[in-house]
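A short write-up of the structure that comes next.
In what follows, every chain begins at residue 1, and chains take the letters A, B, ... in the order their sequences are listed. All heavy atoms count here, side chains included; hydrogens, waters and symmetry mates do not.
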Amino acid sequence: MSEPLHQFEIHRLLPLHIDGIDVSFTNSSFFMVMAVVATTVFLVGGVLRPKIVPNRWQAMTEMTYGFVAELLDETMGFKGKKYLPFIFTLFMFILMGNLIGMVPYNFTFTSHIIVTFGLAMIAFGMATLIGFIRHGFHYFSLFVPKGAPVYMLPIIVPIEILSYLSRPISLSVRLFANMMAGHTMLKVFAGFTVALGIFGIAPLAVNVLLTAFEILVAILQAYVFTILTCIYFRDSIHLH
Amino acid sequence: MPQLDASTFPSQLFWLGVCFLALYFIMSFLAVPRITRVLETRENVIDEKINKASLYREEAEALLADYEATLAQAREQAQERYKNVSRETIRDISQRQREFLDKLTDQLHLKEQDLYRARLEVSQELKPFAADLASSILKKLTGRQFKPDQLLFKKKGT
């Protein structure tokens, strides 16, 4: 029985060092590039020959765009329109990473805490940046809830700051844990299937169901990551 | 657990940054503008068609109103003409009737005159016979001879 965590190992494909730091092109990097390529092909290919009445591909592209645009509109309103490319990039990158990872033998880069943390920091950093650009130092009023009694502020403000700073951690751990747990479970049941021989049909059936469930989780987690980022953006734009 | 192998972190973060940035630029300069343009084009086409449709409907409504007005006018004209014609016809009929009646009266007068004249003539012609008859009756009764002319004059005298 092969090791369930073996699938998360990183192999160097092209060794590369910049300034003494190891930035080799690995299997993780390869699937990140694949996610970028897949997203580009999916989105641009759908509207390469646009029609008034869309075909299936174009309809899929437009629906994906519409889904993200609506999400943005619901959370941020018209002020959020200019952040559409960023949110769309975040959503498609995570979604494609999750979905490509569902294909057997593929690597899932979103199952690495450092990648999801990097993504969360990009989203969190962007939200904080927008907040400071829009409101300057007034952005700190985000930590002072409206209507809170003054004598409570010494307790509330540190809590607010802590919860604010824990945003990227919760964001990254949620995605990472979901992806890693799902893939590990799939691998464990696949191992049972091999080990049990003819009786392996039972874990195989479980694996079929789990695969469907994991595809749902892949889409759902990309959605959750995106909508939480949208909510953080809204806080930065409207300050509660 | 391979996820905790910190030696892979720089490479993963580096490539994450590269890929995310690349995708961001592809999104903002290629994918999103294209999709937006497609959606806008569709919206424009639909708006245009709706406008055209409402224009056609207005035209059709104007045409209908025109048709109804023309129909009403024609009906009025027809009624007017019918009234005129019937009035003329009635007038014509009554005039002809009167003319016919006048003619009839004239002819009746003429015929009456003729008749009167004829009766006079007949009575003139009858006079000698009547005198003769009277004289012969008188002769039979009285045995006297009266001349018919005498009788005639006597009768005329009385």
Side-chain angles (χ1 to χ4, degrees), chain A residues 5-10 12 16 18 21-26 28-37 39-40 42-44 46-48 50-54 58 61-62 64-66 69 84-90 92-93 96-97 109 111-119 121-122 176 180, chain B residues 1-70:
Chain A
L5 296 181
H6 174 76
Q7 57 177 323
F8 302 120
E9 272 168 21
I10 288 181
R12 279 198 196 88
L16 186 69
I18 295 175
I21 301 165
D22 180 17
V23 289
S24 306
F25 190 78
T26 61
S28 168
S29 319
F30 174 73
F31 282 103
M32 286 180 196
V33 173
M34 288 313 291
V36 172
V37 171
T39 305
T40 309
F42 172 62
L43 290 181
V44 178
V47 289
L48 212 57
K51 294 181 184 70
I52 296 303
V53 178
Q58 192 186 338
T61 303
E62 285 174 8
T64 313
Y65 173 88
L84 178 75
F86 180 82
I87 297 292
F88 205 8
T89 304
L90 201 65
M92 288 311 291
F93 190 64
M96 281 299 174
F109 61 80
S111 66
H112 271 252
I113 181 71
I114 188 66
V115 174
T116 59
F117 185 70
L119 281 166
M121 280 313 286
I122 291 172
F176 151 73
M180 194 195 73
Chain B
M1 210 162 131
Q3 279 93 337
L4 299 178
D5 179 7
S7 69
T8 64
F9 286 4
S11 150
Q12 293 206 68
L13 285 177
F14 174 76
W15 286 103
L16 172 67
V18 169
C19 290
F20 195 86
L21 221 63
L23 190 59
Y24 180 73
F25 281 112
I26 290 168
M27 278 288 184
S28 41
F29 294 113
L30 193 67
V32 171
R34 264 174 192 260
I35 296 169
T36 319
R37 205 181 319 131
V38 169
L39 294 178
E40 269 171 10
T41 309
R42 174 172 311 135
E43 214 164 292
N44 287 344
V45 167
I46 288 171
D47 280 353
E48 205 176 291
K49 297 228 159 134
I50 286 174
N51 282 346
K52 214 182 264 179
S54 66
L55 214 73
Y56 281 153
R57 200 181 48 204
E58 271 167 27
E59 241 170 72
E61 273 168 4
L63 229 70
L64 185 69
D66 203 31
Y67 159 76
E68 272 171 0
T70 313

Quick one: [atom1] on [X] to [atom2] on [Y], what's the gap to the nearest 0.5 Å?
{"X": "B:Leu30", "Y": "A:Thr40", "atom1": "CG", "atom2": "OG1", "answer": "7.5 Å"}
{"X": "A:Glu9", "Y": "B:Thr8", "atom1": "CD", "atom2": "OG1", "answer": "11.0 Å"}
{"X": "A:Thr89", "Y": "B:Tyr24", "atom1": "OG1", "atom2": "OH", "answer": "7.0 Å"}
{"X": "A:Ile21", "Y": "B:Phe9", "atom1": "CD1", "atom2": "CZ", "answer": "15.0 Å"}
{"X": "B:Ile35", "Y": "A:Gln58", "atom1": "CD1", "atom2": "CD", "answer": "9.5 Å"}
{"X": "A:Ile52", "Y": "B:Lys49", "atom1": "CD1", "atom2": "NZ", "answer": "7.5 Å"}

Are side-chain heavy atoms of [X] and [Y] found at a separation under 4.5 Å?
{"X": "B:Val18", "Y": "A:Met32", "result": "no"}
{"X": "A:Ile10", "Y": "B:Asp5", "result": "no"}
{"X": "A:Ser28", "Y": "B:Trp15", "result": "no"}
{"X": "B:Met27", "Y": "A:Thr39", "result": "yes"}
{"X": "A:Leu90", "Y": "B:Phe20", "result": "yes"}

Return yes if some donor-acceptor pair links the side-chain N/O of B:Ser11 with the main-chain N/O of A:Asp22 below 3.5 Å, else return no.
no

Side chain B:Gln3, main chain A:Ser111, donor-acceptor under 3.5 Å
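Yes, B:Gln3 side chain to A:Ser111 backbone: donor-acceptor pair under 3.5 Å.
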
Please identify, among B:Leu13, B:Leu4, B:Thr41, the residue contributing the most non-hydrogen atom pairs under 4.5 Å to chain A.
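Answer, by heavy-atom pair count under 4.5 Å with chain A: B:Leu13.
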
Could you tell me which portion of [X] (side chain, backbone, both or neither) has an atom closer than 4.5 angstrom to a non-hydrogen atom of chain B?
{"X": "A:Tyr65", "result": "side chain"}
{"X": "A:Met180", "result": "side chain"}
{"X": "A:Phe117", "result": "neither"}
{"X": "A:Leu16", "result": "side chain"}
{"X": "A:Leu48", "result": "both"}
{"X": "A:Ser29", "result": "both"}
{"X": "A:Ile18", "result": "side chain"}

Hey, which of [options] has the most heavy atom pairs under 4.5 Å with chain B?
{"options": "A:Ala69, A:Gly46, A:Pro54", "value": "A:Pro54"}
{"options": "A:Met121, A:His112, A:Lys51, A:Arg12", "value": "A:His112"}
{"options": "A:Leu119, A:Val53, A:Val37", "value": "A:Leu119"}

Answer with side chain, backbone, both or neither: which region of [X] has an atom nearer than 4.5 Å to a non-hydrogen atom of chain A?
{"X": "B:Leu23", "answer": "both"}
{"X": "B:Leu16", "answer": "both"}
{"X": "B:Phe14", "answer": "side chain"}

Testing the basics here: between B:Cys19 and A:Val36, what is the closest heavy-atom pair and its distance to 0.1 Å?
O-CG2, 3.6 Å

